[in-house]
Protein chains: 2
Amino acid sequence: MITSTEEDYIKAIFNISQSGKRELVGTNQIAEQMSTTAASVTDMLRKLSNKEMILYEKYKGVKLSPSGTAKAMSLLRKHRLWESFLVEKLGFAWDEVHDIAEQLEHIQSLELVDRLDKYLGYPKFDPHGDPIPDPHGTITIRNQIVLSTMEDESVGIVVGVKKHDKDFLHHLNQVGINIGTEIKLIHKYSYDQSIKLLVNNKEEALLTSKVCENIFLKKIK
Amino acid sequence: MITSTEEDYIKAIFNISQSGKRELVGTNQIAEQMSTTAASVTDMLRKLSNKEMILYEKYKGVKLSPSGTAKAMSLLRKHRLWESFLVEKLGFAWDEVHDIAEQLEHIQSLELVDRLDKYLGYPKFDPHGDPIPDPHGTITIRNQIVLSTMEDESVGIVVGVKKHDKDFLHHLNQVGINIGTEIKLIHKYSYDQSIKLLVNNKEEALLTSKVCENIFLKKIK
DNA sequence: AAATAAATTTAGACAAATCTAAAAATAATT
DNA sequence: AATTATTTTTAGATTTGTCTAAATTTATTT
Ligand SMILES: [Mn+2]
Ligand SMILES: [Mn+2]
Ligand SMILES: [Mn+2]
Ligand SMILES: [Mn+2]
């Protein structure tokens with residue numbers, strides 16, 4: 001048996017190892033991600049190591065084992081399918097679904113998630129543009145660039161976001177940006193890397209570099 | 001905060017007080033329903049009493065407080081709406097959904113359950129014929145009689161079942177009985193109170209008295 | 001009413017997940 | 001290389017939910 005707390009730690013380890021450059025994930029990194037203490041993390045790492053979900057050497061750091069990786073993919077699949085359900089079928093906004101999916105991802109039944117997948121028409125991406133793993137844990141890779149690396153006059157479609165917190169997504173709502181939004185880059189100010197852009201050929205918007213680093217686009221011009 | 005374990009105890013207390021005759025529910029009854037020991041139940045009763053979810057006098061038994069009753073209705077609402085979703089939208093059979101709903105009922109968001117209700121078209125009854133409380137905890141009462149009390153030659157439509165375990169429901173599947181099935185009572189044998197009946201004007205079936213005591217009908221003839 | 005049976009509570013222990021404070025190991029500076 | 005800083009682990013507690021075994025209370029029989 002694996003508890004839902006253990007599942008959240010596995011997800012945290014996976015997310016950190018994806019975003020970061022290092023092979024091994026550190027105790028403090030996990031503690032920050034899970035909003036807990038390093039001591040608690042060490043306790044949990046011992047447990048996850050005993051259950052062979054992670055490869056763990058004291059003081060060196062951890063990485064997911066093959067079964068830990070499979071577990072992480074299963075959790076991402078469930079999380080993202082539930083988010084898709086909440087937005088597509090129940091009409092939630094993309095900034096309202098993360099916390100609910102954080103609970104729904106721990107519902108056990110595999111039959112349930114497969115039926116949900118079918119009911120949604122086997123979506124490939126969730127409401128934040130994140131890829132949804134198939135039942136075998138395979139993910140569709142997408143060609144994307146980060147908004148902060150685009151050049152003046154170039155045009156793209158928003159296909160994803162790096163951060164998922166409510167505040168960030170709500171800010172994007174306010175400037176009219178969502179998945180599928182067309183963006184034309186008017187000018188990047190060299191002083192602070194902030195970007196002026198045209199949203200859906202209508203509204204102008206100014207985004208700080210911090211925001212632009214967290215938006216993915218498919219370049220179309 | 002209230003844990004999902006506490007929620008399951010509240011549901012158990014509600015269910016026992018509904019089915020039984022006594023006003024107060026006993027420790028052993030709860031222990032049996034929850035598949036745990038009397039000592040564990042006593043521990044939990046103290047906790048639920050401190051949180052004012054139950055009225056508890058040592059050695060006397062317990063009943064739900066007003067807020068405990070409200071919590072129980074909220075849980076029944078969630079459980080039954082999720083069961084309806086699983087059957088109506090995802091195509092599960094009525095004997096497959098109970099255990100999954102047992103987990104889904106603990107998802108916190110009230111917004112979620114209200115949107116689910118709307119998405120399902122505000123159903124009044126779940127796949128087992130149990131009434132679904134509205135957001136205020138109000139329940140639609142249905143006129144129903146128990147199959148074992150019907151007389152020879154009378155006809156009725158199955159509107160509900162008292163037991164919800166997989167084995168019982170699967171047995172009903174095998175003899176062709178579901179919610180909405182028309183049943184004509186051919187003969188009740190006085191020897192053991194077993195009943196021979198005609199299912200949907202087609203198949204004959206013989207049910208033991210134990211089974212007949214757990215089927216509710218609306219009499220139509 | 002006394003004795004016996006049943007139901008319930010208490011006592012004491014354990015595993016899971018967490019915490020603070022202290023110790024140990026590793027990394028970075030001087 | 002020695003010192004300082006950072007990271008990580010250990011030690012010792014706490015809370016939640018559980019258990020077994022023993023004590024207590026209530027109910028039932030004789
Ligand atoms: Mn989670
Ligand atoms: Mn997402
Ligand atoms: Mn439950
Ligand atoms: Mn039901």
Side-chain angles (χ1 to χ4, degrees), chain A residues 1-13 16-17 19-64 68 71 75 102-103 105-106 108, chain B residues 1-13 15-17 19-64 68 71-72 75 102-103 105-106 108:
Chain A
M1 223 15 258
I2 188 161
T3 69
S4 61
T5 308
E6 289 167 345
E7 289 186 334
D8 282 333
Y9 273 95
I10 289 170
K11 262 188 29 180
I13 293 167
I16 295 166
S17 68
S19 62
K21 48 235 81 182
R22 280 199 303 161
E23 158 102 51
L24 294 176
V25 174
T27 302
N28 273 342
Q29 289 180 287
I30 301 169
E32 196 197 345
Q33 178 98 353
M34 296 291 294
S35 302
T36 185
T37 63
S40 300
V41 173
T42 303
D43 290 341
M44 181 58 83
L45 292 183
R46 196 173 294 109
K47 274 181 61 187
L48 289 176
S49 184
N50 288 337
K51 295 191 179 187
E52 297 186 314
M53 302 303 285
I54 61 173
L55 305 172
Y56 173 46
E57 272 190 275
K58 276 192 343 189
Y59 293 104
K60 296 281 182 65
V62 294
K63 66 174 187 176
L64 292 178
K71 186 75 205 177
L75 287 164
E102 201 58 46
Q103 299 174 57
E105 72 193 357
H106 302 292
Q108 304 262 303
Chain B
M1 224 15 257
I2 188 161
T3 69
S4 61
T5 308
E6 290 168 345
E7 288 186 332
D8 281 333
Y9 272 95
I10 288 170
K11 262 188 30 181
I13 293 167
N15 286 333
I16 295 166
S17 69
S19 62
K21 48 236 83 182
R22 281 199 302 162
E23 157 102 54
L24 293 176
V25 174
T27 303
N28 273 342
Q29 289 179 287
I30 301 170
E32 196 197 345
Q33 179 96 354
M34 295 291 294
S35 304
T36 186
T37 62
S40 300
V41 173
T42 302
D43 290 341
M44 181 57 83
L45 292 183
R46 194 172 296 110
K47 273 182 61 187
L48 289 175
S49 184
N50 288 336
K51 295 190 178 185
E52 297 186 314
M53 303 303 285
I54 60 172
L55 305 172
Y56 174 44
E57 272 190 274
K58 274 184 357 181
Y59 293 103
K60 294 284 182 64
V62 294
K63 66 174 187 177
L64 292 178
K71 185 76 205 176
L75 287 164
E102 201 59 46
Q103 299 174 57
E105 72 194 356
H106 303 293
Q108 306 259 301

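A note on names: the letters A, B, ... follow the listed sequences, proteins ahead of strands, and every chain is numbered from 1.
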Legend entry - Rounded distance [0.5 Å steps], CG in A:Leu45 versus CD in A:Glu57: 13.0 Å

Inset, instruction - Let me know the distance between CD of A:Glu6 and C1' of C:dT18, rounded to the nearest Å. - result: 14 Å

Inset, instruction - Would you give the length of the straight line joining atom NZ of A:Lys71 to atom CD1 of A:Ile54, rounded to the nearest 0.5 angstrom? - result: 15.0 Å

Inset, instruction - Could you tell me the separation between the CD atom of B:Glu32 and the CG atom of B:Asn28, rounded to the nearest 0.5 Å? - result: 8.5 Å

Inset, instruction - Check whether any side-chain N or O of A:Thr36 sits under 4.0 Å from OP1 or OP2 of C:dC19, and answer yes or no. - result: yes

Inset, instruction - Indicate the atoms forming the closest heavy-atom contact of B:Ala31 with B:Ala38, along with that distance. - result: CB-N, 3.8 Å

Inset, instruction - Determine, for B:Glu105 against B:Lys11, whether the closest basic-nitrogen to carboxylate-oxygen distance falls under 4.0 angstrom. - result: yes

Legend entry - DNA chain C-proximal residues of residues 19-29 of chain B, any heavy atom under 4.0 Å: B:Gly26, B:Thr27, B:Asn28

Inset, instruction - Inspect the contact between B:Glu6 and B:Lys51 and indicate whether a charged nitrogen and a carboxylate oxygen are less than 4.0 angstrom apart. - result: yes

Inset, instruction - For A:Thr37 and for B:Val41, find the nucleotide of DNA chain C with the closest heavy atom, then tell me which residue's nucleotide is more 5'. - result: B:Val41

Inset, instruction - Specify the separation, in whole Å, of atom CE of B:Met44 and atom C1' of C:dT8. - result: 17 Å

Legend entry - Distance in Å, B:Gln108 CD paired with B:His106 NE2, rounded so as to fall on 0.5 Å steps: 10.5 Å

Legend entry - Distance test, side-chain N/O of B:Tyr9 to OP1/OP2 of D:dT16, below 4.0 Å: no

Legend entry - Residue-phosphate contact under 4.0 Å: A:Ser40 side-chain N/O, C:dT18 OP1/OP2: no

Inset, instruction - Specify the closest pair of heavy atoms between A:Leu75 and A:Glu7, including all atoms of both residues, with the distance to one decimal. - result: CD1-O, 3.5 Å

Inset, instruction - Take atom CG of A:Leu48 and atom P of C:dT18, then tell me their distance rounded to the nearest Å. - result: 11 Å

Inset, instruction - For A:Met34 and C:dC19, give me the distance from atom CE to atom C1', rounded to whole Å. - result: 15 Å

Inset, instruction - Could you list by number each residue of residues 53-63 of chain A showing a heavy-atom separation from DNA chain D of less than 4.0 Å, or answer none if no residue does? - result: A:Tyr56, A:Lys58, A:Tyr59

Inset, instruction - Round to the nearest Å and state the distance from B:Leu45 atom CG to C:dT10 atom C1'. - result: 14 Å

Inset, instruction - Mind checking the CG-CD spacing from B:Asn15 to B:Gln33? Nearest 0.5 Å is all I need. - result: 5.5 Å

Legend entry - Whole-Å gap separating P (C:dA13) and CG (B:Asp43): 15 Å

Legend entry - Phosphate OP1/OP2 of C:dT9 contacted by B:Arg46 side-chain N/O (<4.0 Å): no

Legend entry - Which atom of B:Gln29 lies closest to which atom of B:Leu24, heavy atoms considered: OE1-O, 4.4 Å

Inset, instruction - Please report, rounded to the nearest Å, how far the P atom of D:dT16 is from the CE atom of B:Met1. - result: 12 Å

Inset, instruction - Identify, between B:Lys51 and B:Ser35, the residue whose nearest nucleotide on DNA chain D lies closer to the 5' end. - result: B:Lys51

Inset, instruction - Give the rounded distance in Å between these two atoms: CD1 of B:Ile30 and P of C:dA7. - result: 14 Å

Inset, instruction - Remember a base hit wins even if backbone is also touched, and classify B:Thr5 as base, sugar-phosphate or nothing at under 4.0 Å, heavy atoms. - result: sugar-phosphate

